[in-house]
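The analysis underlying the following values was restricted to heavy atoms, covering all of them including side chains, and did not include hydrogens, waters or symmetry mates.
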Amino acid sequence: MRRFVVAVALAVASSGAFAQAYPNKPIRMVLPFPPGGGTDTLGRLVAERMTERLGQQVLITNVAGGSGTVGSDQTRRAEPDGYTLLFHASLFALGKHVVKSTPYDPIDDFTAIGRVGLAPLLLIAHPSVPGTLAEAVKAAKANEKAFNMAIPSLGAAGHLGALEFLRLAGLNIQVVAYKGTAPALADTMGGSTQFMVDAMTALLPQAKAGRVRG
């Protein structure tokens with residue numbers, strides 16, 4: 001399973017909005033997760049490049065909550081003039097199917113600008129978990145109450161990937177939902193949770209540093 005990262009803008013911009021050269025003022029980019037996660041990191045890199053290319057500042061605003069729906073809905077309600085963008089991941093398209101209270105339609109209420117990246121999902125474990133995947137699964141099956149799975153955001157690709165891993169492994173361990181990759185990763189590095197699945201872009205550096213095992 002792969003995680004697609006997309007940038008979207010509000011739909012139905014008025015014809016007068018682009019009468020002057022666009023952009024002629026700073027652009028706001030909403031990142032609907034806390035700082036420090038994979039989507040946040042990639043969004044900031046894209047904002048830097050857009051600033052260079054467009055000659056106008058692309059300013060980042062983190063609006064976390066509701067598995068990404070709070071920031072997304074704030075973008076939906078912004079003036080549809082092309083100066084408020086939303087940088088999101090696969091959860092943007094999946095959200096309406098997993099969060100009943102999602103107040104927007106990702107197709108009807110937004111205009112897609114383009115896909116800017118994708119990343120394979122990576123399963124990580126706290127260093128205390130036995131080495132190989134088979135050994136880790138065996139240890140978890142022997143004492144399921146001692147193992148937890150961190151979920152960075154409900155309904156995201158990492159959530160679905162984690163559930164599929166647990167299904168294939170035949171594990172029935174507790175799943176703990178977080179409000180973003182950064183807090184979920186911090187708890188997995190600290191040992192409060194033993195497993196986590198998310199985009200490789202966010203997790204691989206910690207695995208290479210030995211803070212978790214990939």
Nearest-0.5 Å distance, [atom1] of residue [X] to [atom2] of residue [Y]:
| X | Y | atom1 | atom2 | result |
| --- | --- | --- | --- | --- |
| Leu31 | Asn62 | CG | CG | 5.5 Å |
| Ile151 | Leu163 | CD1 | CG | 6.0 Å |
| Leu166 | Phe195 | CG | CZ | 8.5 Å |
| Gln194 | Met149 | CD | CE | 10.0 Å |
| Thr201 | Leu42 | OG1 | CG | 7.0 Å |
| Leu154 | Thr69 | CG | OG1 | 10.5 Å |

Main-chain N/O of [Y] paired to [X] side chain as donor or acceptor, under 3.5 Å:
| X | Y | result |
| --- | --- | --- |
| Thr51 | Val58 | yes |
| Tyr83 | Asn24 | yes |
| Thr84 | Pro80 | no |
| Arg213 | Pro127 | yes |
| Ser153 | Ala156 | no |

Contact summary for [X] and [Y], nearest pair of heavy atoms:
| X | Y | value |
| --- | --- | --- |
| Ala119 | Ala199 | CB-CB, 4.1 Å |
| Pro34 | Asp40 | O-CB, 3.8 Å |
| Ala136 | Pro130 | CB-O, 3.7 Å |
| Pro35 | Ala182 | O-CB, 3.5 Å |
| Gly71 | Pro32 | CA-CB, 4.1 Å |
| Asn148 | Ser192 | ND2-O, 3.5 Å |

Heavy-atom side-chain proximity of [X] to [Y] below 4.5 angstrom:
| X | Y | value |
| --- | --- | --- |
| Val197 | Leu122 | no |
| Thr188 | Ile124 | yes |
| Leu171 | Lys141 | yes |
| Met189 | Gln206 | yes |
| Ile27 | Leu54 | yes |
| Phe87 | Val116 | yes |
| Phe147 | Asn172 | no |
| Gln57 | Lys25 | no |

- Message: Assess whether a salt bridge exists between Glu164 and Arg167, defined as any Lys/Arg side-chain N lying under 4.0 Å from an Asp/Glu carboxylate O.
- Response: yes
Return yes if a side-chain donor-acceptor contact under 3.5 Å exists between [X] and [Y], otherwise no.
| X | Y | answer |
| --- | --- | --- |
| Thr193 | Asp187 | no |
| Thr61 | Arg28 | yes |
| Tyr22 | Asp81 | no |

Verify same cluster id: [X], [Y] (apolar side-chain graph, 4.5 Å):
| X | Y | value |
| --- | --- | --- |
| Leu123 | Val129 | yes |
| Val46 | Leu85 | yes |
| Val176 | Phe165 | no |
| Leu59 | Met50 | no |
| Val30 | Tyr104 | yes |

### Message
Under 6.0 Å between ring centres: does that hold for Phe33 and His88?
### Response
yes
Only one of Val63, Leu86, Asp109 passes side-chain contact (heavy atoms from CB on, under 4.5 Å) with Thr75, and that residue is Leu86
Tell me whether the rings of Phe110 and Phe92 are parallel (<30°), tilted (30 to 60°) or perpendicular (>60°). perpendicular
